[in-house]
Amino acid sequence: MRYSIFSLLSQTLQGHKGWTPAWRDPAPKPEYDVIIIGGGGHGLATAHYLASRHGISNVAVLEKGYLGSGNVGRNTTIIRSNYLLPGNTPFYELSMKLWEGLEQDLNYNAMVSQRGVLNLYHSDAQRDAFARRGNAMRLAGVDAELLGTEQVRPMLPYLDFDNARFPIQGGLLQRRGGSARHDAVAWGFARAADSRGVDMIQNCEVTGITMAGGRAIGVETSRGPIRAKKIAMAVAGNSSRVAAMAGMRLPIETHVLQAFVSEGLKPLIEGVVTFGAGHFYISQSDKGGLVFGGDIDGYNSYAQRGNLPVIEDVMESAMALWPGLGRVRMLRHWGGVMDMSMDGSPIIDTTPVEGLYLNAGWCYGGFKATPASGFCFAHLIATGQPHPVATAYRLDRFATGRVIDEKGAGAQPNLH
Amino acid sequence: MAETATTSTAVSWTQHGAWADIAQAGQLGAAGPAGVTAILQGGFGLATLIATPGGAPALSGLVESRTGITLPATPTIVSGASHDAIWSGPEQWLLRAATHDGFAELLEALSVQAAVSEQSDARAAVRLSGPQIRDALAKGVMLDLHPAAFAVGDTALTSIAHIGVHLWRLTDEPDGSVFEIMVARSMVGSFWSWFAASAAEFGCQVSIDRSTGRG
Amino acid sequence: MRITCPHCGARDAQEFSYLGAADPKRPEGMAASEAAMATYVYQRDNPAGVHRELWYHGAGCHAWLVVSRDTRTHAITAVEPAKARKAGATA
Amino acid sequence: MSAQPFRLASGGLIDRGHQLDFSFDGKSYGGYAGDTLASALLANGVRLVGRSFKYHRPRGFLSAGPEEPNALVELRSGARREPNTRATVVELFAGLDAASQNRWPSLAFDLLSINRLVSPALVAGFYYKTFMWPASFWEKLYEPLIRRAAGLGRAAGAEDPDQYEKAFAFCDLLVIGGGPAGLAAALAAGRSGARVILCDEDFRLGGRLLAEKREIGGKPASEWLAATLAELESLPEVRIVPRTTVFGLYDHGIYGAVERVADHLPEPPAHQPRQRGWRIHAKRAILAAGALERPIVFAGNDRPGVMLAGAVRAYVNRHGVLPGRESVLFTAGDDGWTTARDIAAAGGKIAAIVDSRPADPARKALADKLGARLFAGGAVMGARGGRQLSGVTIRDASGVVTELSCDLLAVSNGWNPTLHLTSHQNGKPAWDETLQCFVPGSLPADLAVAGSAAGRFTLAQALEDGARLGRQAATEAGLAATASEPAPTTDPETTGLSPVWRVSGGKGKAFVDYQNDVTDKDVELAAREGFRPVEHLKRYTTLGMATDQGKTSNLSGLAIMAEQTAKTIPQTGTTTFRPPYTPVAIGALAGHHRGKEFRPVRLAPTHDWSKEQGAVFVESGPWLRAQYYPRPGEADWLTTVNREVKAVRASVGICDVSTLGKIDIQGADAAEFLERVYINGWKALPVGKARYGLMLREDGFVMDDGTTSRLGDSHFLMTTTTANAGKVMQHLEFCHQVLWPELDVRMVSVSEQWAQVAIAGPKARETLRGVVDPEYVLSNEALPYLAARSVTVGGGIQARLFRISFSGELAYELAVPADYGDAMMRALMQAGASFGITPYGTEALGVMRIEKGHVAGNELNGQTTARDLGLGRMMSSKKDFVGRLMAGRQALVEQERPALVGFRPVEPGQRLRAGAHFIGTGQQAVMENDEGYMTSVAYSPHLKHWMGLGLIKGGAARIGERVRAYDPVRNGDVVVEICSPVFVDPEGARLHG
């Protein structure tokens, strides 16, 4: 059923008895045109765009848990396209444009909110590096403004401008950046894909990839074997495990990233702010919780939980940036497993195994990429060609040297 | 201008020790009987010794013949009348002399058996004691300093408040345990800021060891 | 986490920095191929299970260690100095 | 001061001789030492303390502990304001000042309570279904309204005036919870000599014993408690820490805890923190955190005056407060009856007891004795009242409905073990069908659970578990166990229970999650729409996401979902918990590290001297370095820097370079080692000479550069950039220990040992002559460019002298032991006084290195290759080195890669800026035409115009061409000419002078 203020009011009069399930709960069919492994944000978005843009709806999304149970439901909800390198910027800008029209496209309010993303800088060298990035964004048609302290101070009067170890000198602002309600993104894509006939199959874990003549022809699952013409992996932190089922090793390590939310507070901060002298970023959700995070814990982990050193590091950065947070209480923290690629940028590509497609390496930036990732992955699956904004996301770029290393950190995932 | 126009004797080459302008003698924090005592150290000679591959026993023998102390194979400190050998990594030690007298010659002699790198000015050292010293240290030391877990002579390389430190436990004094901490010279200001904040609630008596005429 | 440094004893993981998988071997010498080196530099097993990995005791004794750790539970089953391992392997 | 009308005449663990005055919403009240804010307000008859999140319904106190979902207040004021503070755990102090929150203009008349009128539409997830049209209205109109309405309390925002600190603790046994189980455990382990830490979140030890009238060993439990505490006090290795919440369990037996050192005081005393964040390393731990009582879902169950039965007992027995005049008990088990008994014992009136279980003669007799009407097999269908409870609607076993007046409804539905910490290591709680609650599932090997936290709810079980597990922990810690004593006897108790998850049929909203205003209807809607997995339920309805983390709501929500989907509770899902157990102040986990103490600062040995010279300092990684030395009358920094540069080029200047990394490298294979880590050759470097070296990462990009000197056959001194000193040391250790342990190479950082200064300019040699002892000849022949020597200064002080230059001038670097750094600067100033010697800082250093085309941090950004920087020819083809193969990859050797050149403005007056991108003349400013970017710029007082270094496609082949330096983020668009990166003295005449 279509969602609108009218349907809401009409249901209100009926005591909300007439709402129907947001998606069906089908049993897997024996065969599909496309199987998408992973019912997270990227997998669901891929399904939606396959069905809505390419007319391919004989598709199953296989999810080992519940829909949206991966990183799409455990991130800090930031959306932005403030990238430096030409391999990245147009892709993330496509994503931003898709965010901007998402609610109408999906008939679902994912609460996309463009309240701005401000990256603070604390030295002349950092200012120049941010200017380089801001200028690259402008060249790619993305909005970017370089602010000085005199502009940042009135926006964020509570920050430590006067007694900081690393004084704030200004910031790079993308006004179109912001946040979205993460679960709603997954649910919106799932509902839209379902409405076009895509089967969303929960509690269905892929345990093997069936090969014939060097080609992937199906999957073994906890709910039985399923055949498919094309098999697409969108399993984030589990990419290496699934790829191993087809005999592949990937340029990926799986790491844990923690995130934090405070108790609900009346509005304190409008957009997203990142601290440039440590690992810290913060925003405030529509419900009032401050949502914040920092660096990855820094070691391979599939455990979905982190440890105190990074928690304390995040809190130290919080206090260094904003000493008024001392009495604000952290309500909850959790960890997600990140598919950290060796250059910090993603992979959307075919693989050496025919019929098998890979979408991985999102590091801790996967949420903002969700729409474009699905859009470009669907394009690749449907046409066999990379989408023009995703041509740099090749799997062979590590061998050729065409790495996309935004930070210049080298082949060490925990430094990206 | 002639090379001899100015001579270095025109300026007195006064030493400016690691603790200069960082900490002063006196009581900090709470008034009353001090729970913590800090004595700022200076004037010692210090060098890193790294044995040649397989050469640790020979080096230890050489050190012993010159100073009377052997080099510890585990994270401990071996103290003699005028020298300490402080474990600082596998086959690596800090050799400390109470004074600079003869230290350069000693290092020269040891360099046949070891890579020797002088570090006399690279570290600030402070000797800590008092009934509440463990409570104060617990605010930054990520190690178990309980008497049973960290015995007299034990040493550790670790960090406090994001600052690398080298610490060890000396022989007990009548009023309790004694620790010594060495910290990189450039970070002694931040170290002291942490220490002063951590010891303040107990009251801390600070003095400067001028026995060697430096500090 | 706590890592028991074979030299220093049990320490908070905060004292160490992490590099990654310990098992890939650097292709040495002028005869090594670019492809082999690219595999060494970039490709990872990334197992969900026991992982042999390199940690550096930077705040301690400066030893590089090979730690066997389960990436699902973080349980550590072995820690050995990287130097000894290599010496053992070539002996 | 008003009387305390609900305070009992006697009893309770309060000090009636110690009255504490406090205020709530501006009105003054009195309480006693030993009160919580909640008990003191209840004593004063204050029951309305807050408004709910969505519907702004009046709310009071549900509980007496950390699970409180309703009674959240803003505590203190000004910069110390603490929003969302649970009044049930705030220890009363004199002058306490609290205010209600989420209401306007006042608590009693809250305008947003009109939300109630539209509340039928505000069901779970309503916002996902609407606010989509028109598209722009979401951010402009709807979202701002939602944001303003959302949130509960107001944070202060302003800087927190209090201090925090961290601490680390180690023990054989950590006991979490100071109730009977925890105390018994601590005692049993402590008697064996084990090192025990016992943390309790309360300010008074005893746990549930404080709230109950119980007997241990035939005597009042308070006597056992006093004796136990006294014995624990006497054990030197046992440490009791009250007001301390263990909030999280992390890997390898590490627990996070927060000690509220001064929250019970108006302000922290001098030298004391407000809170202390503990990292506790425990060999073993016993979780003895007790249990949390469960409410029942029925219409109006949120009215102020509806309370958990166990909380009522706590107020009566611990605080001497009977929070109602006329009580009704609604219970699903035996435990609730204790409340009726205690109310009656305190002189309170029990109007009715509603027991959901079938009639039972013993219960009937007890109800008669208490003077209460009994509704066996009945249920409370609804609670009435506005700002406070005025009555209840009861349905008896036969369906007959009775209306009763009352102002207190005590609800008892059994208890949930406080097993939160057992979930923190991904452990899943297990459903116990007999107990009808989740109990701890798989546990970490070093964690045990005792008493109610394990679902062993009786006092006897708590004492028995504690003693047994405490002894066991001591044994496992390697201590000789003490003789096992029988656990003390207790008075009898029964735990019969038949839980009621919800009562249907009442009028009005029935709340599952009080704080987030989630009702039973919301859960039903989630089921209808397919949000059935427990995580979907939580996320769709926000059940359990409020500040209480679902302590009182998760199980009810699961139960209703189970009922809707015809499944059992365990089939529906489990309740798992993430840290922290209760919310933790951010300050407590940051400790000392804020403001200037966020990270340590490193100061050069010449710092005090620079300060004396009036230097302005700049953060350079961890260092503070002298940036420039302004003189009176200089208009701006550029004037100063120009003066400094000119002074160096004209005469002589000095600049501290102590911050560069210095690594002593020794050993028979030291030269071989350098061959492998640097791209260029080292074996042929003579002793006494220095050489510029460049090292790559294994992926072929540049890692760092610096000058390395050969001090002896097998002795080198490497310098690194300031920024990369630590990284390079780690890399070298990696290369040695992991890649090539067979090499005899030994290295150690000596960065801290040496104070090093650059002496640059035509008068550098003459200046140096005044400092270096006369026996050392400094002539160009004796000490040519790139010489590296040991010398003495000041009459015998060991020093090292290097003839190296970053400025392109005749220049030296002189290093002395750090203690002499200060004296070295003074001696140089005196020696150069007649030349007008000028101290210069990092800015002037930067200008001169750009004038010479030397690369620095802006160019060594991890994205550049040696070729990009014009240093490709340094790469040896005769040896293997780190990064060699990867540097040869196709994309790293392409001609079109941007390469380093110089830039100057075509209009000499125009300013250049680093970060500008290059666009070909006449080309559109779009990404496809991006040719590179400016890495570094400076104003050259020598050339009298701005100059820049940058990377541009085609590099040196394009010298003479004009391009745009496009800088829209700073409104800059300057036409520049590509030129050689060496702006000054390209022949190097000055260098060799």
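Below, all heavy atoms of this structure are taken into account, side chains as well, without hydrogens, waters or symmetry copies. Please read these numbers as outputs of a predicted model, since none were measured by experiment. Proteins get letters first, then strands, A, B, ... in listed order; numbering begins at 1 in each.
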(message) How long is the straight-line distance from CZ of Arg26(C) back to CH2 of Trp740(D), given to the nearest 0.5 Å?
(response) 5.0 Å
(request) Considering only heavy atoms, give the residues of residues 878-886 of chain D separated from chain C by less than 4.5 Å, sorted numerically, with 'none' for an empty result. (result) Lys878(D), Lys879(D), Asp880(D), Phe881(D), Val882(D), Gly883(D), Arg884(D), Leu885(D), Met886(D)
(message) Only heavy atoms, only distances under 4.5 angstrom. Which residues in residues 728-735 of chain D are near chain C?
(response) Met729(D), Gln730(D), Glu733(D), Phe734(D)
(request) Tell me the residues of residues 57-65 of chain C whose non-hydrogen atoms fall below 4.5 Å from those of chain D, in number order. (result) His62(C), Ala63(C), Trp64(C)
(request) Measure Ile76(C) against the heavy atoms of chain D and call it side chain, backbone, both or neither at under 4.5 Å. (result) both
(message) Is Arg889(D) close to chain C through its backbone or its side chain, or both, or neither, when contacts mean heavy atoms under 4.5 Å?
(response) both
(request) Go through the atoms of Ser749(D) and report whether side chain, backbone, both or neither lie under 4.5 Å from a heavy atom of chain C. (result) neither
Looking only at heavy atoms, what is the nearest atom pair of [X] and [Y], with distance?
{"X": "Met30(C)", "Y": "Ser877(D)", "value": "CE-O, 3.3 Å"}
{"X": "Gly888(D)", "Y": "Glu34(C)", "value": "O-OE1, 3.8 Å"}
{"X": "Thr73(C)", "Y": "Asp251(D)", "value": "O-OD1, 3.7 Å"}

(message) Restricting to side-chain hydrogen bond (donor to acceptor under 3.5 Å, both in side chains), what partner residues turn up for Glu675(D), sequence neighbours left out?
(response) none
(message) Between Ala32(C), Ala36(C), Ala10(C), who has the most heavy-atom pairs with chain D when the cutoff is under 4.5 Å?
(response) Ala32(C)
(message) As a quick check of understanding, evaluate side-chain contact (heavy atoms from CB on, under 4.5 Å) for Arg72(C) and Asn426(D), giving each step before the final call.
(response) CA-CA 10 Å; Arg72(C) 296 162 303 182; Asn426(D) 298 5; over 6 Å; no
